[in-house]
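Each remark here refers to the structure printed beneath this line.
We name chains A, B, ... by the order of the sequence lines, and we start the count at 1 in each one.
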Amino acid sequence: MAENLWALREQKRMSVATLATRAGLPIGLIMEYEAGQRSVDPRHLSRLARALYVEETEIRLRGEPRPGSPPLEHPFDRPEQTVRGPARPPAGPPARPPARAPEREASGDAHAMPEQGSRVRMARGPRTAVEPKPPAPARPSQLTHLNDLIFRLGLNRDTVEAEMGKPLAEMNRLEASSLLARFQTQMRSAAIVDRHRAYLPEAVDQYEMHYLTGLRDQQAQVRFELFDGRSVDGKILGFGPYQITVVQDDGSELTLNKLALVSYRRAASDEEQPS
Amino acid sequence: MSLGDRLRLLRAQRGGVPPVEIEDALPELSKGLYRSIEQRYRAIGDDESIAMLASYFDVPFDDLRWRLDWPRKALSRALVHAVKHDQPITLELWTGHSVTGNVAWWDLGAAAIETDGGEVVVQRHAIERWDPRAPEVAEAADEEVEGESDGDLGLPAD
């Protein structure tokens with residue numbers, strides 16, 4: 001059942017300004033929607049729904065104004081009131097009066113005074129403190145990722161929501177990000193990442209790579225048997241998916257193509273030495 | 001050594017002739033068949049295509065034909081079977097030597113065999129035959145051989 005926008009907003013104990021900020025829409029537009037002066041733009045519907053934590057279908061597109069409320073005066077028609085849109089940067093400290101202006105006036109320097117038609121900087125009045133911008137609601141992609149991680153970690157969604165004190169769908173972006181980081185750390189520490197292995201020669205030689213790494217790091221003496229019946233002795237300097245480079249006893253380097261290799265093993269003399 | 005490995009070695013011995021050149025020279029060979037024979041793990045090819053390849057490389061037909069019955073996938077099955085049943089395996093190598101022992105590890109490039117004289121790492125393309133071959137039951141279940149499903153290349157579990 002669709003509800004008026006103002007009714008939904010008040011149910012959520014949210015001010016018009018807060019709703020406008022969270023939805024990223026001008027406050028005047030929100031007021032017009034609530035007053036029924038215009039229908040909710042379909043492009044804004046999802047933003048409003050997310051900001052209010054409701055489904056899009058729960059928002060009445062052409063709302064009725066609150067009974068007894070005066071007709072809306074367009075905010076931009078009121079000269080004495082300035083309405084700031086949410087896109088503006090937050091107010092900083094009150095502007096200081098120009099420190100050098102009196103000096104310029106006293107010196108009589110003509111260049112110090114603004115010429116006619118030039119831009120004149122108006123002194124600003126004291127600014128009121130603006131409430132900090134509340135974090136935006138969690139992105140749908142964050143919620144999807146969270147649900148996936150909860151499933152893969154074997155957690156109970158109800159338990160997670162109880163711990164957070166709210167349903168996942170009502171979390172804001174920062175909370176969702178923090179929870180995602182926590183779950184991803186758990187995934188890594190538990191080493192339960194189920195990743196599809198790419199079809200790469202480097203990936204499919206994993207065991208041999210580890211073995212060769214061990215031989216290289218131990219500077220083990222290795223004997224290689226080749227297809228042509230020859231053998232090569234030396235220490236492994238480096239290797240890749242298709243080659244092994246060996247430093248022979250005389251100091252010369254030799255790169256062996258694995259296709260030319262039959263087998264290799266630690267040299268007998270090396271096995272007798274303690275590793 | 002499987003048929004694909006043997007053909008790859010023949011190519012290397014002839015200066016690394018590229019597969020596309022072989023396919024151009026043998027237009028009657030089915031398109032893509034040569035690449036499949038080299039790259040796939042199961043037995044691919046028939047007597048007719050093997051005869052053409054034997055003629056191209058100038059090697060006896062029988063030298064290629066028997067290898068069709070000893071594909072890489074069959075070697076994987078035998079290695080898996082030996083590991084699962086903790087049985088020794090004998091690998092007959094290209095050089096005429098043989099290596100016997102328990103399988104320490106294997107991947108798609110090599111197999112480590114624990115022999116009485118220490119661990120030997122054998123390149124898979126240098127293995128001609130092996131004993132025992134995996135039993136028929138295992139042969140029917142290709143899924144048991146991880147890592148050689150022609151596209152899903154996992155590795156044996158740690």
- Task: Using a 4.5 Å cut-off on heavy atoms from C-beta on, say whether the side chain of B/Gln13 contacts that of A/Phe227.
- Result: no
- Is a side-chain N or O of A/Arg265 found less than 3.5 angstrom from the main chain of B/Val122, in a donor-acceptor match? no
- Indicate yes or no for a side-chain donor-acceptor contact from B/His125 to the backbone of A/Leu261 under 3.5 Å, with no hydrogens or angles considered. yes
Would you name the heavy atoms of [X] and [Y] that are closest together and state the gap between them?
| X | Y | answer |
| --- | --- | --- |
| B/Leu93 | A/Val262 | CD1-CG1, 3.8 Å |
| B/Trp105 | A/Glu208 | CH2-CA, 3.6 Å |
| A/Ser263 | B/Val120 | CB-CG1, 3.9 Å |

Please report the interatomic distance [atom1]([X]) to [atom2]([Y]), rounded to the nearest 0.5 Å.
| X | Y | atom1 | atom2 | value |
| --- | --- | --- | --- | --- |
| A/His210 | B/Asp107 | NE2 | CG | 10.0 Å |
| A/Leu259 | B/Arg8 | CG | CZ | 7.0 Å |
| A/Tyr211 | B/Glu119 | OH | CD | 4.0 Å |

A quick test of your reading: do over 12 heavy atoms of other residues, nucleotides or ligands sit less than 6.0 Å from [atom1] of [X]?
| X | atom1 | value |
| --- | --- | --- |
| B/Glu28 | CD | yes |
| B/Arg129 | CZ | yes |
| B/Asp116 | CG | no |
| A/Asn156 | CG | yes |

- Do the two ring centres, one from A/Tyr207 and one from B/Trp106, sit under 6.0 Å apart? no
